[in-house]
Amino acid sequence: MKVLVTELMWDDGMKELKRSGCSVDYDMELGRKRKELLALAPAYDALIVRNETKVDAELLDVAKNAKVIGRLGVGLDNIDLGAASSRNIPVITAKHANATSVAEYVMASMLDAYRPLHHADADVRRGNWNRKFFTGNELNGKTLGLVGMGEIAHRVARRANAFGMETIGYDPFVTPFDHILAETGVRSVNTLDELLVASDFVSVHVPLTKETRHMINKKNFPHMKPHAYVINAARGGIIHEGDLIEAVQSGEIAGAYLDVLEAEPIPKDSPLTQIASIRLTPHIAGATNAAQSRTAMLIAEEVMKVLNGGQSLCAVV
Ligand SMILES: NC(=O)C1=CN([C@@H]2O[C@H](COP(=O)(O)OP(=O)(O)OC[C@H]3O[C@@H](n4cnc5c(N)ncnc54)[C@H](O)[C@@H]3O)[C@@H](O)[C@H]2O)C=CC1
Ligand SMILES: O=C(O)C(=O)CS(=O)(=O)O
């Protein structure tokens with residue numbers, strides 16, 4: 001069996017594929033090289049992708065031998081599930097494998113907003129001792145608003161509760177029996193605005209869909225607290241970037257932590273890079289050794305199951 005890996009995959013998963021007898025070709029930039037990808041795809045029994053490879057009808061049509069698509073993560077906005085399903089090609093995701101890492105990234109963002117240790121460190125190294133300037137704030141007693149109440153939001157809520165934060169959530173699709181409401185102290189609110197008005201931090205955990213694209217935009221920012229921060233470790237495009245820049249520059253909110261952007265990698269001339277209170281990271285919320293190793297092993301094992309004629313419980317179609 002031949003497997004084509006088109007984006008970054010941790011070594012242990014790759015070794016597992018080879019140990020199972022596969023021949024593996026790997027080019028971590030292939031997701032961005034469309035022509036080359038289309039030319040290579042027909043020769044493979046399985047494609048393993050991350051978030052940059054556009055898996056659409058065109059690719060699936062040329063990938064004539066593909067029996068399975070492995071997704072090294074959970075977001076599915078780069079994959080046409082309908083096109084895969086109509087061709088009977090299962091799509092396997094690394095369900096929950098990076099959720100804890102994303103939750104820890106959100107905690108790190110909130111701590112960074114209130115206790116920016118690296119700035120204080122840089123200032124001390126410049127010869128200063130600015131104790132008043134670097135006086136921080138406590139997360140304890142603050143309100144965290146979770147937009148979307150799925151797996152990642154649930155893990156964020158548990159950690160935020162341990163810090164003494166109030167947690168509220170907006171997600172019209174959860175029921176009181178879902179674990180985020182049943183097992184954490186999250187209070188469900190009925191509208192996004194209700195959440196935005198009450199929150200000191202807003203963290204976004206919805207998939208990117210037609211409905212969630214730009215769901216936070218210039219209509220929402222005026223309702224937020226001027227000291228509030230938004231955190232987006234879900235997908236670029238859920239928060240309207242132009243509107244966010246205006247909201248931060250006009251003081252409607254204090255700042256933002258963006259792990260994901262509408263255009264990735266970030267364009268060199270992006271105005272986002274000019275605003276210090278919008279902190280940027282290169283889509284790394286789920287990128288820890290622990291999460292990536294789990295992800296790679298899970299996808300390798302599940303892809304092999306399908307190639308050997310079995311079914312995967314991680315298949316979304
Ligand atoms: N930055 C990173 O490295 C990572 C980003 N992600 C992103 O995080 C997203 C969320 O991941 P999970 O929590 O595992 O997904 P999940 O499927 O467990 O939760 C998503 C929640 O969003 C809710 N939702 C959907 N549409 C909504 C709407 N219009 N309004 C309010 N709520 C809505 C759903 O009901 C669901 O409860 C992924 O789709 C992915 O795009 C995931 C992992 C790593
Ligand atoms: O799992 C995800 O949805 C992520 O965003 C991380 S990545 O797999 O796209 O690198």
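When a ligand or atom number is given, it counts from 1 through the structure's own listing order. None of these values were measured; they are calculated from a predicted model.
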Heavy-atom protein neighbour under 4.0 angstrom from atom 41 (O) of ligand 1: yes
N or O pair under 3.5 Å between A234 and ligand 2: no
Numbered atoms of ligand 1 (with element) below 4.0 Å of G148, judged on heavy atoms: 22 (O), 32 (N)
Electrostatic pair D12-K15, nearest N-O below 4.0 angstrom: no
N-O pairing of E302 and K95 below 4.0 Å: no
Identity and distance of the protein heavy atom lying nearest atom 6 (C) of ligand 2: H283 NE2, 3.7 Å
Ligand 2 versus N98: contacting region, heavy-atom distance under 4.0 Å: side chain
Structural part of R235 in contact with ligand 1, heavy atom criterion under 4.0 angstrom: side chain
Where ligand 1 meets V102 - atom numbers and elements under 4.0 angstrom, heavy-atom basis: 4 (C), 43 (C), 44 (C)
Region of T212 engaging ligand 1 - heavy atom pairs below 4.0 Å: side chain
Residues T184 and R158: side-chain donor-acceptor under 3.5 angstrom: no
Nearest-option assignment for atom 9 (O) of ligand 2, heavy atoms, candidates K95, E264, R71, H96: R71
Proximity to ligand 1 by part of H283, non-hydrogen separation under 4.0 Å: side chain
Residue and atom name of the nearest protein heavy atom (relative to atom 5 (C) of ligand 1), distance in Å to one decimal: A233 O, 3.1 Å
Whether R235 lies under 4.0 Å from ligand 2, heavy atom: yes
Minimum-distance protein heavy atom relative to atom 43 (C) of ligand 1: N98 OD1, 3.3 Å
Closest approach of any protein heavy atom to atom 15 (O) of ligand 1, naming residue and atom: E151 N, 4.6 Å
Per-atom contact, atom 26 (N) of ligand 1, protein heavy atoms, under 4.0 angstrom: yes
Shortest protein heavy-atom distance from atom 37 (O) of ligand 1, along with the residue and atom involved: D171 OD2, 2.6 Å
Lys/Arg-Asp/Glu bridge criterion (N-O < 4.0 Å) met for R155, E151: yes
Distance from atom 10 (O) of ligand 2 to nearest protein heavy atom, with residue and atom: R50 NH1, 3.0 Å
Protein contact to atom 9 (C) of ligand 1 [nearest heavy atom, distance to 0.1 Å]: V206 O, 3.9 Å
